[in-house]
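I'd like to ask you about the structure that follows.
Residues take their numbers from the sequence shown, with the count starting at 1. Owing to the predicted nature of the structure, the values given are computational and were not obtained by experimental measurement.
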Amino acid sequence: SLSYAEYLNDPRQTKTPNDYGSFDMDRYTIFGEKKFGNMELAADLSHRTKRVEFFQFGGLSSYDTKMTQFSPRLRYVGKSGNVTNEIVTGFDFSESNRVRNSSFSLDDATQRSAAIYFRDELKISDARIAFGARHEKFKKKTVDPVPFTSNYDVSNSLNAWTLEGSYALQPQLLVYAKTGRSYRIPNVDDNFFLAKPLVPQTSNDAELGASIGSANRQLLTVKVFQHNLKNEIMFDANTFSNANLDPTKRRGIEIEASTYLTTAFKLSAMLQHVSAKFTSGPNKGNDVVLVPKNIATLRLNWLSLIHI
C-alpha cells in the first residue's frame with residue numbers, strides 16, 4: 001500500500017500494477033396480483049446472481065453469490081362511512097448461497113430465512129393509526145474444507161414492530177409520530193472473512209414530524225428522529241471485514257421539500273443533520289466514524305406521460 005506521503009506526491013500511482021477486480025450482477029423479478037372484491041392477492045419472486053473476481057497479493061480469488069426470494073401477501077380494504085380499515089399480511093421466504101474459490105478458502109455459505117408479518121391501518125376522518133409486527137427465523141451454515149478455516153451452523157429468530165399515528169390539523173397541515181423496533185440480518189456477504197457470523201443488528205426507533213402542503217403539488221416535511229442501536233454492523237478497515245459495534249445512538253433532524261415544476265417534472269430537496277455517538281463501551285461519547293453529520297440532496301424526477 002502507499003504511504004500518506006506517496007499518496008500526496010502522486011495519488012494515481014500503484015505498487016501493484018497487476019492487481020485487478022471485476023464485478024457482475026444480474027437480477028430477475030416476476031410480480032403478479034389478483035383482486036377478489038375487497039381483497040387483493042399478490043406475490044413477488046426474485047432471483048439475483050453476483051460474481052466477483054479479483055487478483056490480489058499474487059493470487060486469483062473469486063466468489064459467486066445466488067439469492068432467491070418469494071413474498072406472497074394478502075391485502076384487505078374495508079370501508080364504512082368515514083372509517084377505512086386496511087390489513088396486509090404475508091410471508092417472506094429467502095435463500096442465499098455464496099461459494100468462494102481462493103488459495104486460502106473454499107467455503108460454501110448458505111443462509112435461509114422465513115418471516116411472517118401483518119399490518120393493520122385504521123383511518124377515521126382526519127386521524128390515522130397503524131400497527132404492524134414481524135417475526136423471522138433464519139439459519140446460517142458454512143462449510144470450508146481448507147484446514148484452519150471457520151465452519152459454523154447457527155439459527156436465530158427476531159421480532160420487529162411499529163406503531164404509527166397521524167392527524168390532519170388542517171387540510172394542508174399533518175402531524176405524525178411513530179415508534180418501533182427494527183432489525184437487520186447480516187447476509188452471507190456481511191459474514192465474509194469472519195470466523196463466526198455477525199450478531200443481528202437491532203434498533204429502537206422514534207420519529208416525530210409535520211407536513212405542510214399537498215403531495216401532488218408542493219410539500220414541506222420536517223421531522224426529528226432517534227435510533228438506539230445494538231450490534232450495529234459496520235465495515236472494519238483494520239480487519240477487512242464487518243464487525244458488530246458497541247451500542248450507538250443516532251439522533252437528528254430532516255427537512256424535505258418538493259414541488260411539481262410541470263405535470264411531468266418534480267423537484268425535491270432534502271437537508272439532514274445527524275449526531276451519531278457510542279453510548280457504551282470503550283468509545284462511549286465518541287462519534288461513530290463514516291456517518292456524515294450533514295447531508296444535502298437535490299433531485300429532479302421525470303415521469304413520462306406517454307402510455308404504452
Side-chain angles (χ1 to χ4, degrees), residues 33 35 37-40 42 44 71 73-92 115-136 158-184 201-229 249-261 263 266-276 294-299 301 303:
E33 64 178 17
K35 293 185 178 181
N38 292 341
M39 304 182 69
E40 178 183 282
D44 298 279
S71 301
R73 59 192 175 276
L74 183 64
R75 176 173 175 261
Y76 166 81
V77 178
K79 295 184 178 181
S80 177
N82 64 343
V83 178
T84 301
N85 187 208
E86 179 180 350
I87 300 175
V88 179
T89 184
F91 300 90
D92 287 325
I116 182 173
Y117 65 90
F118 83 94
R119 175 183 170 86
D120 188 358
E121 180 177 292
L122 188 65
K123 295 181 180 179
I124 306 175
S125 187
D126 296 327
R128 179 187 67 89
I129 187 170
F131 175 76
R134 178 184 178 95
H135 176 73
E136 184 167 7
L158 291 167
N159 297 306
W161 61 271
T162 180
L163 177 63
E164 308 172 15
S166 65
Y167 186 77
L169 299 175
Q170 297 290 336
Q172 300 291 316
L173 176 59
L174 178 77
V175 294
Y176 71 91
K178 61 181 179 180
T179 183
R181 176 181 174 85
S182 59
Y183 62 81
R184 176 192 168 194
Q201 170 184 308
T202 59
S203 177
N204 293 322
D205 312 310
E207 183 177 316
L208 183 66
S211 296
I212 302 175
S214 174
N216 56 7
R217 291 190 296 176
Q218 292 87 25
L219 182 66
L220 174 66
T221 302
V222 180
K223 64 181 179 181
V224 292
F225 57 87
Q226 179 172 294
H227 308 291
N228 294 310
L229 297 103
K249 177 186 290 185
R250 282 171 168 77
R251 57 172 51 173
I253 182 172
E254 182 176 299
I255 303 173
E256 185 174 4
S258 64
T259 183
Y260 277 89
L261 303 177
T263 55
K266 178 183 178 181
L267 181 66
S268 60
M270 186 270 290
L271 294 174
Q272 184 186 80
H273 175 74
V274 179
S275 172
N294 299 293
I295 299 175
T297 304
L298 182 66
R299 294 189 179 96
N301 297 330
L303 176 64

* **Between NE2 on residue H227 and CG on residue N204, distance to nearest 0.5 Å** => 11.0 Å
* To do: First locate atom CD of Q272, then atom CD1 of I295, and finally report the distance between them rounded to the nearest 0.5 Å.
  =>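 Answer for the CD-CD1 pair, Q272 versus I295, is 4.5 Å.
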* **Residue pairs passing the side-chain hydrogen bond (donor to acceptor under 3.5 Å, both in side chains) test where at least one lies in residues 207-224, sequence neighbours excluded** =>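 Listed once each, the pairs are Y176-E207, S211-T221, S214-N216, Q218-T259.
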* So I253 and L271, side chain to side chain contact (heavy atoms under 4.5 Å, CB included) or not? Walk me through it. -> CA-CA 8 Å; I253 182 172; L271 294 174; over 6 Å; no
* Any sub-3.5 Å donor-acceptor pair from N85's side-chain atoms to E121's backbone N or O? ->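 At least one qualifying donor-acceptor pair exists.
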* Side chain to side chain, R250 and L229, heavy atoms closer than 4.5 Å ->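 They are in side-chain contact.
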* **Spatial distance of atom CE (M39) from atom CD1 (I87) [nearest 0.5 Å]** => 9.0 Å
* **Validation row: L298, L267 side chains within 4.5 angstrom (heavy atoms)** =>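 Counting from C-beta outward, L298 and L267 do come under 4.5 Å.
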* **Check against side chain to side chain contact (heavy atoms under 4.5 Å, CB included), W161 and T179** => CA-CA 9 Å; W161 61 271; T179 183; 4.0 Å; yes
* Any pair counted as salt bridge (Lys or Arg N to Asp or Glu O under 4.0 Å), so long as it reaches residues 76-89, sequence neighbours left out -> R75-E86
* Can a salt bridge be assigned to the pair R73 and D44 using a cut-off of 4.0 Å between side-chain N and carboxylate O? ->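 Looking at R73 and D44, the cut-off is met.
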* Asked: Between R134 and R119, is any pair of side-chain heavy atoms under 4.5 Å apart?
  -> no
* Asked: Does a side chain donor of either S258 or E256 reach within less than 3.5 Å of an acceptor in the other side chain?
  ->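 No, no side-chain donor-acceptor pair sits under 3.5 Å.
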* Go through the steps for S275 and R251 under the test side-chain hydrogen bond (donor to acceptor under 3.5 Å, both in side chains), then give the verdict. => CA-CA 5 Å; S275 172; R251 57 172 51 173; over 6 Å; no
* Asked: Roughly how far apart are L208 CG and K178 NZ, rounded to 0.5 Å?
  -> 11.5 Å
* Verdict with supporting geometry, T89 and L74, side chain to side chain contact (heavy atoms under 4.5 Å, CB included) -> CA-CA 5 Å; T89 184; L74 183 64; 4.3 Å; yes
* Separation of T202 OG1 from R181 CZ (nearest 0.5 Å) ->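 The CZ atom of R181 sits 4.5 Å away from the OG1 atom of T202.
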* Can you find a pair of side-chain heavy atoms, one from F131 and one from D120, that are under 4.5 Å apart? ->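 They are not in side-chain contact.
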* Side-chain touch Y117/V88, heavy atoms, less than 4.5 angstrom -> yes
* Are L169 and D126 side-chain neighbours, meaning at least one heavy-atom pair lies under 4.5 Å? -> no
* Asked: Going by atom types only, do R299 and S268 share a side-chain donor-acceptor pair under 3.5 Å?
  ->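 Absent: no donor and acceptor within the cut-off.
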* Asked: In Å and rounded to the nearest 0.5 Å, what is the CD1 to OH distance from I129 to Y167?
  ->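 Answer for the CD1-OH pair, I129 versus Y167, is 14.0 Å.
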